[in-house]
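Note on naming: letters A, B, ... go to the chains in the order of the sequence lines (proteins, then strands), and numbering restarts at 1 for each one.
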Amino acid sequence: MTTVSEISKLEGLNEPQLQAVKTIDGPLLILAGAGSGKTRVLTRRIAYLIGDIGVPPWRILAMTFTNKAAGEMRDRVEGLLDRPSRGMWIGTFHSVCARLLRTEHEAAGLGPNFSIYDSTDQLAVVRKVLKASGMSDKDFPPKQVRGRIGQAKNMMSDPDGFARTAHSYYEKQVADLYRGYQAELEASNAVDFDDLLMKSVRLLNDHPAVLKKYQERFEYILIDEYQDTNRPQYLLTRHLAASHQNLCVVGDDDQSIYAWRGADIRNILDFERDYPETTLIRLEQNYRSTQIILDASNAVIANNEGRKGKRLWTDRKGGEPIRLRWTFDEQDEARWLVTTVQELKGVGGLALREQAVLYRTNAQSRAIEEQLVRANLPYVIVGDVKFYERREIKDVLGYLRLIDNPLDVVSLARVINTPRRGIGDTSFNRMMDFAAGTGEGPYGLLGRAEEIPDLSRAAAAKMKRFWAMIEAFREKADQIDVAELTLEVLKATDYAQSLGAAGQEEAEGRRRNLEELLANIEGYVDRAEDTSLGAYLREVSLMADVDEWDDRADALTLMTLHSAKGLEFRAVYITGLEEGLFPIVRAWDEEEEDSTEEERRLFYVGITRAKERLFLSHARQRRRFGGTQACHPSRFLAEIPERLLDEGRRVREVSVAEPARSRRDASPVRHVEVEPSATPTRPQGDLFSDPESDDAEDGVGGDGETGSLSTETGAWVIHPYWGRGVIEARSGSGGDTKLTVRFQGVTKKIVLRYARLLPG
DNA sequence: ATACCCTTCATTTTT
DNA sequence: TGAAGGGTAT
């Protein structure tokens with residue numbers, strides 16, 4: 001019997017999609033080709049479970065890889081249902097694990113408000129452990145060590161396990177570092193991204209009662225992008241699904257492009273072996289691309305072995321042929337891109353936001369950007385400088401994290417002298433050494449800093465003041481929301497001003513970022529149920545920048561092929577199709593064959609992003625690592641049947657290179673890639689503008705002429721870092737003149753010879 | 001505190 | 001090539 005609600009939820013689905021929605025019992029593997037309506041199936045399936053089968057939302061668990069995917073899924077499910085889907089767990093693997101560990105923190109051996117360390121924080125810990133163990137960062141490059149630790153965690157290997165399998169000297173040393181690293185995290189009540197997964201699996205492994213609780217609760221489990229799961233994610237899924245076995249995984253083995261990060265394609269290839277009762281459904285009808293584009297993608301991917309096998313088709317016959325362009329060099333390629341993009345916009349009527357340029361490496365964006373700037377074409381780079389990795393953002397979040405979790409040593413080290421408050425490395429290290437000896441955490445010690453031996457009274461006093469400030473915030477944190485708290489922190493620390501004087505471009509940029517952060521936080525407070533500091537940190541710690549990408553602006557999108565997964569554009573340009581670049585080769589890489597297959601999948605992902613038009617380009621020579629390399633066409637190009645290519649371009653031609661222009665006239669300014677969201681109401685708007693800015697702007701940016709500088713007391717000066725200030729005292733003469741200058745908020749002693757003071 | 005000089009190192013990066 | 005990070009002189 002078909003109910004009315006069923007009709008609305010199931011209408012417009014093709015036969016396999018319908019089966020995928022309605023097959024709710026037992027393991028289900030949905031092989032969803034690119035553009036085959038995967039998200040549609042997932043959301044309708046959840047709506048069907050709740051709305052028609054009557055499954056309570058809290059019995060459903062859905063895990064994705066990105067916040068964006070999770071958010072979209074939740075929104076669409078709620079749109080299909082007439083009631084809210086409260087209690088349903090829809091989130092990224094990491095957020096689900098964080099929630100699990102938070103709820104079961106005692107069994108997991110964590111404090112309730114543990115910090116989540118990102119890769120920069122990890123690096124700080126590795127450096128610290130490296131120093132403590134006396135090893136050289138030449139022999140053990142921190143990034144490499146971090147990488148090895150991550151690999152170990154991806155294989156569920158803890159320090160003991162790692163040490164057992166470490167045979168070489170290098171590996172044994174790394175095992176020691178791993179042990180120290182983990183001890184640091186523990187002392188800081190912190191976990192890294194990999195820990196979220198690994199510790200969750202451990203929790204379920206070691207605590208049968210906890211395992212049972214969640215196994216029984218989650219009657220229906222859905223996993224998106226299953227081809228990208230790593231070992232811990234695979235184990236987590238298996239644990240949770242073991243009792244009900246109502247596990248639905250969606251994926252495409254042909255789009256597995258993260259093996260280098262620990263994703264194991266065997267998870268999807270062996271699904272039917274892991275779950276013998278599996279129903280297999282293939283979604284092969286593509287609703288995105290033209291026949292031509294699909295033919296190209298099918299032809300390319302057919303060269304891979306060990307696939308589940310599937311063939312995309314569409315009932316939209318024909319389409320524009322694929323255009324192949326052989327250019328002289330990367331500049332020529334970029335010029336061709338600009339012309340073609342403009343042509344498609346003008347004659348073809350394709351808005352810039354409908355077009356995307358894809359490349360294998362971020363470095364390739366430069367030449368393209370130069371030409372776009374020259375042509376005045378607006379563009380957006382996805383995944384360039386990450387918002388949450390910017391110094392000023394990390395600093396402010398460092399304060400917030402420390403207030404929430406005072407054991408967080410990485411955050412403490414980050415902010416204790418930011419802005420500078422005279423607690424230098426020496427004092428800090430003495431404090432840390434003493435703390436290590438007492439076995440007490442460093443934060444508590446700050447409040448009794450006078451007990452620390454060898455510490456100057458001045459340093460101790462500064463530490464106590466810092467501690468008292470944080471303590472005051474900790475008390476307030478329970479009473480006010482996170483937006484108010486952040487404002488208080490900014491005010492009390494004078495952080496915005498410490499970034500530099502008004503008019504300095506870099507400082508102003510950083511202040512704009514602070515404003516954006518504040519807007520985000522205020523947005524969070526408006527939307528969230530729990531507006532506390534802790535709740536906010538739980539969300540923001542797992543934020544990535546793709547989540548911020550604004551695709552409404554009418555600008556050309558530039559991004560790596562990896563970033564393009566899951567997106568679609570009417571026109572797609574895949575550039576740099578040259579041997580060595582795409583497929584990329586690394587001089588000392590072993591498994592050549594495996595990596596070529598993954599590169600090919602990456603090409604497949606790129607091709608299948610295109611709805612109507614596909615452009616491919618390669619250059620005859622390209623500047624890389626400073627030198628100019630002769631380039632040969634990518635092997636992948638030969639895998640595209642000739643008949644699919646544009647008639648005129650089948651004979652590959654070399655376009656005439658423009659005479660080299662002066663390199664000077666290309667603007668070095670990179671675009672800001674994130675559109676600032678709506679400006680919030682901010683009562684204390686003056687936090688970001690220098691109170692003296694009206695006057696100061698005239699002075700800064702002058703030509704550095706200091707001849708007319710008056711060093712009399714009472715005279716106004718401008719310091720490039722501290723801004724405008726008034727001279728309170730003077731001693732010495734000539735270059736040795738020392739001035740005491742009162743700036744906004746701070747008074748500084750300045751040696752005239754070293755400071756670049758301007759008349760104010 | 002900061003300018004500047006040196007070396008080093010350049011795939012991809014959902015959290 | 002050129003950016004970033006470390007070290008050192010002023």
Side-chain angles (χ1 to χ4, degrees), chain A residues 63-70 91-98 116-119 122-123 127 137-138 141-144 147 150 153-154 191-197 224-225 227-230 232-233 255-263 330 358-364 366-367 382-386 388-389 420 422 424 539-547 549 559-567 576 580-587 589 595 598-599 601-602 605-606 622-629 663 668 670 719-722 735-736 748-757:
Chain A
M63 290 192 277
T64 65
F65 277 84
T66 66
N67 292 305
K68 201 175 167 214
T92 63
F93 276 97
H94 290 85
S95 71
V96 165
C97 286
I116 298 172
Y117 281 180
D118 69 14
S119 56
Q122 286 184 286
L123 216 50
R127 289 212 170 95
D137 56 7
K138 294 270 186 299
K143 284 189 179 152
Q144 204 173 303
K153 290 181 176 184
N154 275 173
V191 300
D192 60 29
F193 286 138
D194 297 319
D195 280 340
L196 288 171
L197 304 174
D224 193 15
E225 307 273 20
Q227 77 282 353
D228 285 332
T229 49
N230 63 15
Q233 287 161 334
Q255 292 188 65
S256 161
I257 54 174
Y258 284 105
W260 51 275
R261 272 182 58 150
E330 76 279 353
L358 311 182
Y359 35 76
R360 181 62 243 260
T361 67
N362 283 311
Q364 288 167 253
R366 175 168 304 148
V382 175
D384 200 17
V385 189
K386 307 215 181 298
Y388 288 102
E389 284 172 18
R420 294 193 167 80
E539 178 169 300
V540 79
S541 306
L542 295 171
M543 275 292 236
D545 289 274
V546 236
D547 305 328
W549 177 49
M559 64 184 146
T560 64
L561 285 136
H562 283 89
S563 304
K565 200 177 75 167
L567 305 175
L581 182 61
F582 193 19
I584 205 157
V585 284
R586 199 172 157 146
D589 214 10
S595 65
E598 181 146 317
E599 293 290 306
R601 289 193 290 267
L602 194 53
V605 166
R622 185 179 293 274
R623 297 196 81 102
R624 263 184 105 191
F625 310 143
T628 299
Q629 289 183 347
R663 298 186 49 79
R670 291 170 87 82
H719 187 273
Y721 189 88
W722 298 104
D736 287 328
K748 289 271 147 191
K749 283 201 172 58
I750 300 226
V751 183
L752 192 55
R753 187 175 10 164
Y754 299 142
R756 291 179 310 144
L757 283 184

Exercise. To the nearest angstrom, how far is Leu581(A) atom CG from dT12(B) atom P?
Worked result: 10 Å

Exercise. Under 4.0 angstrom, heavy atoms only, what part of the nucleic acid is Asp194(A) near: base, sugar-phosphate, or nothing?
Worked result: nothing

Exercise. Expressed as a whole number of Å, how far does the C1' atom of dT13(B) sit from that of dG2(C)?
Worked result: 22 Å

Problem set entry | Atom pair distance, as rounded to whole Å: CZ in Arg624(A) and C1' in dA10(B) | 9 Å

Exercise. Donor-acceptor pair under 3.5 Å: do we get one between Arg623(A)'s side chain and the base of dT1(C)?
Worked result: no

Exercise. Does dT13(B) have OP1 or OP2 sitting under 4.0 Å from an N or O in the side chain of Ser563(A)?
Worked result: yes

Problem set entry | For Asn230(A), side-chain contact (heavy atoms from CB on, under 4.5 Å) partners two or more places apart | Asn154(A), Leu197(A), Pro232(A), Gln233(A)

Problem set entry | 4.5 Å side-chain heavy-atom contact, Phe193(A) and Leu542(A) | yes

Exercise. Atom CD1 of Ile257(A) to atom P of dT13(B): distance rounded to whole Å?
Worked result: 9 Å

Exercise. Would you say dT13(B) has OP1 or OP2 under 4.0 Å from some side-chain N or O of Asn362(A)?
Worked result: yes

Exercise. What is the distance from NZ of Lys565(A) to C1' of dT13(B), rounded to the nearest Å?
Worked result: 12 Å

Exercise. Taking NZ, NE, NH1 and NH2 as the nitrogens, is one of them in Asp194(A) or Arg261(A) under 4.0 Å from a carboxylate oxygen of the other?
Worked result: no

For this session: Rounded to the nearest angstrom, tell me the gap between atom CG in Leu602(A) and atom P in dT14(B).
Result: 14 Å

Exercise. Expressed in angstrom and rounded to an integer, what is the separation of Arg622(A) atom CZ from dT1(C) atom P?
Worked result: 17 Å

Exercise. Could you give the CD-to-C1' distance, from Glu598(A) to dT13(B), as a whole number of Å?
Worked result: 12 Å

Seminar exercise, completed: Here the distance between atom P of dA10(B) and atom CZ of Arg366(A), to the nearest Å, is 16 Å

Exercise. Are Phe65(A) and His94(A) near enough that their ring centres are under 6.0 Å apart?
Worked result: no

Exercise. So what does Tyr258(A) touch, heavy atoms closer than 4.0 Å: a base, only the sugar-phosphate, or nothing?
Worked result: base

Exercise. Is any side-chain nitrogen or oxygen of Thr560(A) closer than 4.0 Å to OP1 or OP2 of dT13(B)?
Worked result: yes

Exercise. Does the aromatic ring of Trp260(A) sit over the six-membered base ring of dT12(B), closer than 5.5 Å centre to centre and tilted less than 30°?
Worked result: yes

For this session: Would you mind checking if Glu330(A) and Arg366(A) are paired as a salt bridge, meaning a charged N to carboxylate O distance below 4.0 Å?
Result: no

